[in-house]
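We count residues from 1, following the sequence as given.
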Amino acid sequence: MFEQIYRRPKVIEKHRYAPLRTEREQYLRHMLEQGYSHSALITAATYMLHIVRILGLHEPRVVYEEEIKRGAEFWADYRGPFRDPGHGHHGSPRSFIKYASAWFRFNGKLALPPDSPFREQTQAFSNALQFDYGLAVATVRGNSSRAPAFLTWL
């Protein structure tokens with residue numbers, strides 16, 4: 001999969017030998033099938049490497065939202081050799097959370113708080129968007145992720 005995204009052998013090798021290769025490739029393949037752009041695939045692949053390193057992952061495990069948030073804070077302050085100077089402020093904690101949450105959710109490894117407000121309503125909304133209206137997975141995910149905030153406001 002990495003050969004489809006990158007051209008430089010050193011970059012391909014770095015991705016190939018990092019932990020959770022299978023899980024990262026599965027998610028990138030999923031993104032490709034969903035029609036994500038080449039630049040989105042590169043960004044996701046890069047973030048997944050940072051996520052694995054920052055969260056100290058060597059094998060698949062359940063990850064909690066709070067752990068992702070702490071990782072994002074570390075990422076925001078990090079200025080070491082793994083920080084791509086081209087990312088500048090674009091390597092934001094918000095992006096870190098977005099990519100980590102999406103990847104762990106895809107792999108069934110994102111732990112949601114059991115007392116999440118409007119869980120049943122959000123699930124019903126997601127199912128309706130996907131099965132009744134036939135919307136794309138990315139669209140369903142995006143709209144569903146905003147539903148609890150909307151319902152809280154309402």
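Between Ser92 and Trp75, the closest heavy-atom pair is O-CD1, 3.8 Å. Between Ile12 and Tyr6, the closest heavy-atom pair is CD1-O, 3.5 Å. Across all non-hydrogen atoms, the minimal contact from Ile68 to Ile97 is CG2-CA, 3.8 Å. Residues His15 and Ala45 share a closest heavy-atom pair of CE1-O, 3.4 Å. In terms of heavy-atom proximity, Thr122 sits nearest to Ala147 at OG1-CB, 4.1 Å. The nearest pair of heavy atoms linking Tyr36 to Arg141 is OH-NH1, 4.3 Å.
The structure places CD of Glu23 at 10.0 Å from CD of Glu59, a figure rounded to the nearest 0.5 Å. We find the OG-CD distance between Ser144 and Gln130 to be 9.0 Å, quoted to the nearest 0.5 Å. The distance from the OG1 atom of Thr43 to the CE atom of Met31 is 8.0 Å, given to the nearest 0.5 Å. The structure places CD of Glu3 at 9.5 Å from CE of Met1, a figure rounded to the nearest 0.5 Å. Rounding to the nearest 0.5 Å places CD of Glu25 at 9.5 Å from CD of Gln4. In this structure, OG1 in Thr139 is found 9.0 Å from CD in Gln34, a value given to the nearest 0.5 Å.
The closest side-chain heavy-atom distance from Phe125 to Asn143 is below 4.5 Å. Counting only heavy atoms from C-beta outward, the side chains of Phe118 and Leu154 never approach each other to under 4.5 Å. Side chains of Tyr27 and Leu41 form no contact here, defined as non-hydrogen atoms less than 4.5 Å apart.
Applying the ring-ring contact (aromatic ring centres under 6.0 Å, His included) test to pairs two or more places apart or on separate chains, those with a residue in residues 132-154 are Phe150-Trp153.
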Criterion side chain to side chain contact (heavy atoms under 4.5 Å, CB included) on Trp103 and Lys109, from CA distance to verdict: CA-CA 8 Å; Trp103 179 38; Lys109 299 296 182 187; over 6 Å; no
Intermediate values then yes/no, side chain to side chain contact (heavy atoms under 4.5 Å, CB included), Arg94 and Lys98: CA-CA 6 Å; Arg94 187 176 188 171; Lys98 174 183 134 183; 5.8 Å; no
Val52/Tyr47 under side chain to side chain contact (heavy atoms under 4.5 Å, CB included): CA gap, chis, key distance, verdict: CA-CA 9 Å; Val52 164; Tyr47 265 103; over 6 Å; no
Test log, rule side chain to side chain contact (heavy atoms under 4.5 Å, CB included), inputs Phe96 and Glu73: CA-CA 9 Å; Phe96 185 97; Glu73 290 168 7; over 6 Å; no
Verdict with supporting geometry, Phe106 and His30, ring-ring contact (aromatic ring centres under 6.0 Å, His included): CA-CA 9 Å; Phe106 172 80; His30 166 74; 4.6 Å; yes
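Ile5 is connected to Leu32 through a chain of hydrophobic side-chain contacts under 4.5 Å among Ile, Leu, Val, Met, Phe, Trp and Tyr, so both are in one cluster. Hydrophobic clustering (side-chain heavy atoms under 4.5 Å, transitive across Ile, Leu, Val, Met, Phe, Trp, Tyr) groups Met48 together with Phe2. In terms of hydrophobic clustering, with Ile, Leu, Val, Met, Phe, Trp and Tyr side chains grouped at heavy-atom distances under 4.5 Å, Ile42 and Tyr99 are assigned to a common cluster.
Between Glu67 and Arg61 a salt bridge is recorded (basic side-chain N to carboxylate O distance below 4.0 Å). Ion pairing of Glu65 with Lys69 is absent here, as no side-chain N (NZ or NE/NH1/NH2) approaches a carboxylate O to less than 4.0 Å.
Partners of Ser37 by side-chain contact (heavy atoms from CB on, under 4.5 Å), not counting sequence neighbours, listed by chain and number: Ser39, Ala40. Listed by chain and number, the residues in a side-chain contact (heavy atoms from CB on, under 4.5 Å) with Tyr64 are Val62, Ala111 (sequence neighbours excluded).
Other residues, nucleotides and ligands place more than 12 heavy atoms under 6.0 Å from the NE2 atom of His38.
Checked by atom type and distance alone, the side chain of Arg24 pairs as donor or acceptor with a backbone atom of Ala18 at under 3.5 Å.
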